[in-house]
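Here is how names work: the chains are called A, B, and so on, in the same order as the sequence lines, proteins then strands, and each is numbered from 1. FYI, side chains are in, hydrogens and waters are out, and symmetry mates aren't considered; it's all heavy atoms of this structure.
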There are 2 protein chains.
Amino acid sequence: MSAANMDVPETIKATDDCAVREVLDLVGDKWSVLIVVLLGRRTHRFSELHRAIEGISQRMLTLTLRALARDGLVTRTPHATVPPRVDYELTELGRTLLAPLTALETWADTHRDEIRAARRRHDDALQSEPRS
Amino acid sequence: MSAANMDVPETIKATDDCAVREVLDLVGDKWSVLIVVLLGRRTHRFSELHRAIEGISQRMLTLTLRALARDGLVTRTPHATVPPRVDYELTELGRTLLAPLTALETWADTHRDEIRAARRRHDDALQSEPRS
DNA sequence: CTGTATCCAAACAGATACTG
DNA sequence: CAGTATCTGTTTGGATACAG
């Protein structure tokens, strides 16, 4: 825990003091974490990312990278070559995010089956007792 | 890490093998983590959550709770009293999520200022060199 | 190659009114 | 009290065409 839990305020404002919300606003979208994880492995250029992340559109890749750069998680390095080439790399700040992200990933790996089981159980229950 | 990182596949499919994506699909929305954190403190009833989470609509609270219940993260316990009363509680699975969530929260707390600084720096740079 | 611009469809989310 | 139903506005994201 981050020191003592302060006062443990009874009321939480989503837009306010909640730190988790901030992270989620940063990387809670569809593609950010994938990009961060990929860049955690090594520097990638635009087209590499585009190929690596199956299903992402050019538009979303651009937008997501721009947001990550704005938040100081990745750097954008254009090379004045022909053809042009742009490298994306994790910043120091971005690299620090890898650890907690990995923790989440581990959790997902560990409990993936439980979640699926719970979901099946829940959905089955709806089938057997749609008796209002 | 969850054992050896497999093959470290070069290509990641967003809908596929990425475990992080699964967690984010679970709690990556606007309200889920807040609810999980609140329920991590103690059991809450519907109206308590509604009051505690400033800004959430009844609709979103219902939908989010339903999703969390479906994924096996919270339990829903209706009491046949007058007036009716429904208690929401974290499941064992839900409680295991608190740790990685806290890790993220800590990260956010720690780096919040850096992010804001990076954002300002970035936005200022756009002001000073809109020279195409 | 690395984007931008535009258009459009679907998902998301709030407000409000109503029900058991 | 604890929802459900509906309607609507906003946001998100893909497809496509085009540009430096």
Taking the side chain as everything from C-beta on, heavy atoms only, tell me whether [X] gets closer than 4.5 Å to [Y].
{"X": "B:L39", "Y": "B:Y88", "value": "yes"}
{"X": "B:R45", "Y": "B:V86", "value": "no"}
{"X": "A:W31", "Y": "A:L63", "value": "no"}

Interatomic distance where [atom1] belongs to [X] and [atom2] belongs to [N] [whole Å]:
{"X": "B:R76", "N": "D:dA2", "atom1": "CZ", "atom2": "C1'", "answer": "8 Å"}
{"X": "B:L63", "N": "D:dT6", "atom1": "CG", "atom2": "P", "answer": "14 Å"}
{"X": "A:L61", "N": "D:dA15", "atom1": "CG", "atom2": "C1'", "answer": "16 Å"}
{"X": "B:R85", "N": "D:dC1", "atom1": "CZ", "atom2": "P", "answer": "12 Å"}
{"X": "B:M60", "N": "C:dT16", "atom1": "CE", "atom2": "C1'", "answer": "16 Å"}
{"X": "A:W31", "N": "D:dT12", "atom1": "CH2", "atom2": "C1'", "answer": "12 Å"}
{"X": "A:L65", "N": "C:dT2", "atom1": "CG", "atom2": "C1'", "answer": "11 Å"}
{"X": "A:D29", "N": "D:dT12", "atom1": "CG", "atom2": "C1'", "answer": "10 Å"}

key: Rounded distance (nearest 0.5 Å) linking atom CG of B:D71 with atom CG of B:L26   =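 Those atoms lie 4.0 Å apart.
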Phosphate contact ([N] OP1 or OP2) by [X] side-chain N/O below 4.0 Å:
{"X": "A:R45", "N": "C:dC1", "value": "no"}
{"X": "A:S57", "N": "D:dA15", "value": "no"}
{"X": "A:S47", "N": "C:dT2", "value": "yes"}
{"X": "B:K30", "N": "D:dT11", "value": "no"}

query = Looking for any heavy atom pair under 4.0 Å, which part of the strands does A:R59 touch: base, sugar-phosphate only, or nothing?
reply =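 Base contact - A:R59 has a heavy atom under 4.0 Å of at least one base atom.
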query = With a 4.0 Å cut-off, would you call A:D123 and A:R121 a salt bridge?
reply =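 A:R121 and A:D123: not salt-bridged.
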Which nucleotide, [options], lies nearest any side-chain atom of [X]?
{"X": "B:F46", "options": "D:dT4, C:dA13, D:dA2", "result": "D:dA2"}
{"X": "A:Y88", "options": "C:dG3, D:dG13, C:dT2", "result": "C:dG3"}
{"X": "A:P84", "options": "D:dG20, C:dT4, D:dA2", "result": "D:dG20"}

